[in-house]
Amino acid sequence: MKIDLTETTSSKINKALVDGRRAIGTPAIGMVLTLVIVTDEENAYDALKAANDASREHPSRTLVVIKRVSRSPRDRAKARLDAEVRLGTDAGTGETVILRLYGDVIDHAQSVVLPLLLPDAPVVVWWAVNAPLDPAKDPLGALAQRRVTDAYAAEQPIEELSARANTYTPGDTDLSWARITPWRSMLAAALDQTPCTVTSAEVTGEEFNPSCELLAMWLADRLKVPVTRKVSGGPGLTAVRMESSAGAIVLDRPDGSLATLSMRGQPDRAVALKRRDTAELLAEELRRLDPDEIYAGSLKYGVDRIGDGTNEQSAAGEDAPAPPAAKKAAKKAAAK
């Protein structure tokens with residue numbers, strides 16, 4: 001069921017939700033959280049599709065906030081709210097409200113969203129594009145227990161990571177972190193199987209890929225060893241090599257789908273390590289609403305402390321010469 005509301009208010013939207021539930025025979029609210037998606041018109045379809053797919057695991061009320069740009073001064077001065085209410089099969093397993101904001105109301109999106117939040121349920125805000133530099137201080141982010149960004153969608157992904165580290169607040173997370181969960185699990189399992197001491201590591205992947213940088217920072221932060229970053233043609237992460245007292249441990253994925261785990265004294269093993277879509281990443285982030293301390297530690301380790309393969313980093317954690325791209329990113333992030 002779809003209900004279109006033009007020049008409406010939050011109270012009218014709530015009434016439409018109640019009337020819609022009664023019309024389709026589901027008067028009870030069976031959602032576990034409120035997911036607020038902040039996006040633009042261009043990316044709204046993909047973001048909503050990912051949220052609908054994720055709702056099969058996490059039934060939720062999804063509020064899509066689209067801030068429309070007004071061309072003329074008269075239109076910018078006129079506040080207006082249009083809404084599209086979707087229920088039943090048109091909204092996955094939850095409820096969906098698409099909010100289009102015009103004029104002055106764009107600067108007060110939180111006042112539109114607040115009355116539509118589910119009572120006594122957690123709130124998650126996901127910026128599909130154009131995330132604020134400090135999500136926790138954003139008016140919409142202040143309503144949420146969990147704030148999800150995506151550095152990969154930014155114009156300068158590596159600089160975005162530096163900015164995220166400077167403004168990190170418990171509850172912040174990024175889809176670039178969720179992208180490396182299978183890699184982290186596989187590498188941790190490999191180290192559990194072979195008692196050894198890791199002496200150094202190398203991460204290979206696409207240039208300007210924040211997931212590669214996060215994986216390198218995670219290894220450096222958790223293992224306390226020098227980590228170098230090398231560039232490949234992708235797709236995404238392509239390989240991780242760890243030098244240890246038991247020999248090299250290599251996880252290689254050249255095609256973005258099937259990886260090979262190689263360890264000395266053991267036969268090579270094929271590992272399913274496919275690149276996941278946005279719906280799977282979002283569903284993973286919705287599984288936990290508490291602060292992710294491992295992500296925080298990895299993020300704060302610093303992009304500029306990861307070597308580029310030409311310089312070595314001290315295992316004691318001393319600052320090493322940073323690659324030019326990392327230096328530039330750190331300077332710009334500090335300026336902001």
Side-chain angles (χ1 to χ4, degrees), residues 151 157-166 168 174 176-177 179-234 236-254 259-265 273 292-331 333-334:
I158 310 307
E159 294 179 15
E160 195 82 0
L161 284 183
S162 298
R164 295 277 171 268
N166 293 333
Y168 175 81
D174 197 279
S176 297
W177 177 250
R179 289 185 179 96
I180 62 173
T181 298
W183 285 82
R184 293 188 293 120
S185 300
M186 190 57 59
L187 293 170
L191 291 176
D192 285 342
Q193 295 173 25
T194 306
C196 62
T197 301
V198 178
T199 56
S200 65
E202 178 183 280
V203 176
T204 305
E206 289 177 331
E207 190 175 11
F208 307 121
N209 188 313
S211 294
C212 300
E213 308 296 339
L214 278 171
L215 184 60
M217 291 188 286
W218 173 71
L219 288 169
D221 179 58
R222 306 308 295 177
L223 298 177
K224 310 301 181 186
V225 299
V227 178
T228 56
R229 168 80 164 89
K230 290 194 173 181
V231 176
S232 70
L237 269 163
T238 53
V240 174
R241 181 184 181 92
M242 296 185 293
E243 300 293 344
S244 75
S245 57
I249 302 172
V250 181
L251 185 59
D252 184 43
R253 187 190 66 177
T260 301
L261 178 63
S262 303
M263 303 170 66
R264 191 170 71 180
L273 207 61
D292 190 338
E293 296 177 357
I294 305 300
Y295 166 70
S298 302
L299 185 66
K300 292 181 178 180
Y301 183 86
V303 177
D304 56 318
R305 295 177 65 184
I306 301 299
D308 62 356
T310 59
N311 298 308
E312 290 191 357
Q313 180 191 37
S314 160
E318 296 177 354
D319 290 340
K327 288 182 177 179
K328 183 179 179 182
K331 288 181 179 179

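Fair warning: this is a prediction, and the values are worked out from it, not measured in the lab. Only heavy atoms go into these numbers, but all of them, side chains included; no hydrogens, no water, no symmetry mates.
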Is there a side-chain contact between Ile180 and Arg184 (heavy atoms, below 4.5 Å)? yes
Chi angles and distances behind the side-chain contact (heavy atoms from CB on, under 4.5 Å) call for Val203, Trp183: CA-CA 11 Å; Val203 176; Trp183 285 82; over 6 Å; no
CG of Asp174 to OG of Ser211: how many Å apart, nearest 0.5 Å? 8.0 Å
Are the side chain of Thr238 and the backbone N or O of Thr204 linked by a donor-acceptor pair below 3.5 Å? yes
Any heavy-atom pair between the side chains of Ile294 and Arg222 that's under 4.5 Å? yes
Could you give the distance from OG1 (Thr181) to CG (Leu215), rounded to the nearest 0.5 Å? 10.5 Å
Shortest non-hydrogen pair, Met217 vs Val303, comes out as SD-N, 3.5 Å
For the student: nearest non-hydrogen atoms of Leu161 and Ala151, plus distance: CD2-CB, 4.2 Å
Exercise: identify the closest heavy-atom pair between Ala201 and Leu219: CB-CD1, 4.2 Å
Applying side-chain contact (heavy atoms from CB on, under 4.5 Å), run through Leu237 and Asn209 and close with a yes or a no. CA-CA 8 Å; Leu237 269 163; Asn209 188 313; 6.0 Å; no
Mind listing the side-chain donor-acceptor pairs of residues 242-250 below 3.5 Å, one per line with the distance, residues two or more places apart or on another chain?
unit_1 : atom_1 : unit_2 : atom_2 : d
Glu243 : OE2    : Arg241 : NE     : 2.6
Glu243 : OE2    : Arg241 : NH2    : 3.2
Ser244 : OG     : Ala246 : N      : 3.2
Ser244 : OG     : Gly247 : N      : 3.4
Ser244 : OG     : Gly247 : O      : 2.6
Ser245 : OG     : Thr197 : N      : 2.9

When rounded to the nearest 0.5 angstrom, what distance separates CD1 in Ile158 from CD1 in Ile306? 11.0 Å
Backbone of Leu299 reached by a side-chain donor or acceptor of Arg164 within 3.5 Å: no
Asp292: which residues meet the side-chain hydrogen bond (donor to acceptor under 3.5 Å, both in side chains) condition with it, sequence neighbours left out? Trp177
Between the side chain of Arg229 and the main-chain N/O of Gly205, is any donor-acceptor distance below 3.5 Å? yes
